[in-house]
Amino acid sequence: MDNKTLAKILSALQPRDDCEELTTALLKLAVFSSTKQISQASEKQKNYLKFTKKEIESMPEPIKVLLIYNDRMITYRFHNGVYQSRYRRDGYHVEVASSDLTVLRKKFLDEVSSQIPKEKEDTRFPFMRDFVQQWIKEKEIDVKENTMKSYIGLINAHILPAFGDKRINAISRSDVKSYLSELVSANKNRTAAKLKQLLGAIFDVAAEDYGIKSPMTKVTLPHYETKKGKALTKAEEKTLVDWCVLHQNSSAASALLVLLYTGMRVGELKTATLHENYIECETEKIRKGYEREFRKIPISPMLRKVMPYIDFNKAVTASHGWIKDKLNEIFNHAHHPHELRYTFITRAKECGCNFELVMLWDGHKFDGDVKSSKVDRGYTDYSEEYYFTEIEKFEYAL
């Protein structure tokens with residue numbers, strides 16, 4: 001019974017001359033009592049959205065606080081074949097409708113979740129993307145170009161996509177560990193190890209500059225055995241030399257022979273110049289800011305044997321990729337170019353060459369296998385005659 005109907009009834013019950021006043025009063029009281037009962041019954045029939053335990057557990061914490069802990073009862077009505085629910089309190093403005101009650105509940109949760117107030121960011125701390133750019137600028141002062149390229153590659157491929165849009169204080173240990181664990185699960189252990197080291201260096205600076213705790217504390221990775229190179233066997237060495245002789249017109253062949261019998265790093269090859277009894281190159285592993293260092297590598301008996309098959313101009317212009325491809329072709333990916341350096345050092349020691357001189361030839365600052373080398377290098381100046389005659393021991397049969 002609506003208000004209009006009640007008004008009509010009350011109007012019809014106005015006292016008349018032919019109706020006793022008491023009868024009219026009793027009728028009015030009956031109508032009032034009936035209206036109150038209808039109203040109470042209507043109140044009891046209110047419909048409330050009920051959420052399952054699973055739905056409650058999946059709710060974001062702010063929604064649990066709003067609906068469960070604060071005991072908010074969300075009502076709905078069924079009108080014209082459609083369930084409707086509205087909530088306009090506590091900063092939320094939600095209106096949803098559906099012909100299916102289950103869908104209505106889901107719509108309500110989705111909509112109220114989308115309106116959760118976002119926490120205010122602490123603008124005192126920079127975004128990771130901005131901090132990393134500043135870190136790069138500072139690092140470029142004392143880090144070599146090739147090393148910096150490696151850092152930037154890791155930053156662009158991994159750190160920025162994963163953490164670039166987060167402020168440095170908002171990156172947690174679990175965030176970092178979760179990302180590194182994904183790499184480990186994908187068998188990218190080496191990348192994960194490099195990133196752990198790089199992130200550690202970045203957050204060390206961030207912690208000092210902004211007084212935050214580094215999220216790298218106690219971040220661990222599964223043990224990963226770094227694959228170390230190994231010298232070629234003499235049989236493999238012969239296979240390589242035979243291939244180079246057969247393909248002597250190839251720049252890669254010339255480069256492979258030079259690397260094999262000088263111990264140069266591939267990156268040093270482009271700086272090499274040929275002299276009568278030695279090859280000179282710039283040592284690659286020198287920290288930025290230090291003076292450039294050049295070294296002389298005497299031409300050994302083994303190198304003299306293959307010199308007729310080497311076009312030195314082609315050798316120094318051969319690309320790293322071309323050299324690597326040809327070595328993979330010869331040994332079916334069993335060896336990489338740096339292992340030619342291992343081979344030179346191994347053969348020199350096997351031939352009885354002075355270990356200190358071997359280090360001078362190959363550009364090592366310190367050899368852990370030669371315990372006295374660090375001291376001896378500082379107090380020993382080898383004569384040029386000894387420097388060049390010692391290489392004559394570097395001869396053996398293939």
Side-chain angles (χ1 to χ4, degrees), residues 126-168 170-209 214-216 219-229 252 255 259 264-271 282-290 292 317-328 333 335-342 363:
F127 288 105
M128 184 60 154
R129 61 174 180 269
D130 299 324
F131 182 78
V132 164
Q133 295 307 316
Q134 182 61 36
W135 182 86
I136 289 173
K137 286 181 182 179
E138 294 176 4
K139 270 291 179 184
E140 283 175 335
I141 298 172
D142 57 6
V143 174
K144 291 188 71 174
E145 184 179 351
N146 286 343
T147 305
M148 206 67 237
K149 281 183 180 178
S150 174
Y151 288 165
I152 292 172
L154 288 170
I155 287 168
N156 289 336
H158 296 279
I159 294 177
L160 292 185
F163 309 110
D165 291 333
K166 289 189 173 184
R167 295 192 183 273
I168 57 169
I171 299 172
S172 66
R173 181 168 59 234
S174 61
D175 291 335
V176 174
K177 191 154 187 175
S178 176
Y179 184 74
L180 295 180
S181 295
E182 288 179 12
L183 293 174
V184 171
S185 297
N187 293 319
K188 297 180 179 179
N189 302 71
R190 189 163 181 261
T191 301
K194 285 184 174 181
L195 278 172
K196 179 178 178 292
Q197 184 179 21
L198 181 56
L199 284 167
I202 291 171
F203 277 111
D204 281 348
V205 178
E208 187 173 333
D209 287 356
S214 172
M216 301 308 296
V219 170
T220 58
L221 294 174
H223 175 70
Y224 170 64
E225 193 72 39
T226 303
K227 290 183 180 179
K228 294 183 178 179
L259 293 171
M264 280 192 290
R265 301 174 179 91
V266 178
E268 296 170 341
L269 190 60
K270 61 180 180 295
T271 69
E282 182 178 350
T283 299
E284 189 176 45
K285 296 294 183 179
I286 300 296
R287 291 187 64 182
K288 192 171 182 178
Y290 288 72
R292 296 166 68 189
T317 57
S319 71
H320 188 176
W322 185 237
I323 295 169
K324 183 179 179 181
D325 287 346
K326 289 304 173 184
L327 199 62
N328 285 335
H333 298 268
H335 291 287
H336 56 78
H338 201 66
E339 289 175 312
L340 302 179
R341 177 174 170 82
Y342 299 158

**OP:** Might you work through the side-chain contact (heavy atoms from CB on, under 4.5 Å) test for Lys166 and Asp175, ending with a clear yes or no?
**Re:** CA-CA 11 Å; Lys166 289 189 173 184; Asp175 291 335; 3.1 Å; yes

Original post:
Hey, mind stepping through Ile323 and Leu269 against side-chain contact (heavy atoms from CB on, under 4.5 Å) and telling me if it holds?
Top reply: CA-CA 11 Å; Ile323 295 169; Leu269 190 60; 4.1 Å; yes

Original post:
Stepwise, does the side-chain contact (heavy atoms from CB on, under 4.5 Å) test hold for Ile171 with Phe203?
Top reply: CA-CA 10 Å; Ile171 299 172; Phe203 277 111; 3.9 Å; yes

Original post:
Stepwise, does the side-chain contact (heavy atoms from CB on, under 4.5 Å) test hold for Leu221 with Asn189?
Top reply: CA-CA 9 Å; Leu221 294 174; Asn189 302 71; over 6 Å; no

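When all heavy atoms of Leu259 and Arg265 are compared, the pair lying nearest together is CD2-O, 4.1 Å. Annotation for Gly267 and Glu284: closest pair CA-OE2, 3.4 Å, computed over non-hydrogen atoms. Of all non-hydrogen atoms in Thr283 and Gly363, the two that sit nearest each other are CG2-O, 4.0 Å. Here the shortest heavy-atom pairing between Met128 and Ile202 reads CE-CG2, 4.0 Å. For the residue pair Val184 and Ala192, the shortest heavy atom distance occurs at CG2-CB, 4.0 Å. Closest approach of Ser214 and Ala207 over heavy atoms only: N-CB, 4.3 Å.
The side chain to side chain donor-acceptor pair (under 3.5 Å) check on Tyr151 picks up nothing, with sequence neighbours excluded. Under the side chain to side chain donor-acceptor pair (under 3.5 Å) criterion, Arg173 pairs with no residue, sequence neighbours left out.
Residue Ile159 holds its CD1 atom at 8.5 Å from OH of Tyr179, rounded to the nearest 0.5 Å. Atom NZ in Lys139 sits 15.0 Å away from atom NZ in Lys144 (nearest 0.5 Å). The distance from atom CG of Leu327 to atom NE2 of His335, rounded to the nearest 0.5 Å, is 7.5 Å. Taking OG1 of Thr147 as the start and CD of Glu140 as the end, the distance is 12.0 Å to the nearest 0.5 Å. One distance of note links CG of Leu160 with CG of Leu154; it measures 11.0 Å at 0.5 Å rounding. The distance from atom NZ of Lys196 to atom OG1 of Thr220, rounded to the nearest 0.5 Å, is 7.5 Å.
Residues Leu183 and His158 are in side-chain contact: their nearest non-hydrogen atoms beyond the backbone lie under 4.5 Å apart.
Between His338 and Tyr342, the angle of the ring planes goes over 60°, which puts this pair in the perpendicular group of the 30/60° scheme.
In terms of modelled atom types and a separation under 3.5 Å, the side chain of Glu339 and the main chain of His336 share a donor-acceptor contact.
No more than 12 heavy-atom neighbours from other residues, nucleotides or ligands sit within 6.0 angstrom of CD on Glu208.
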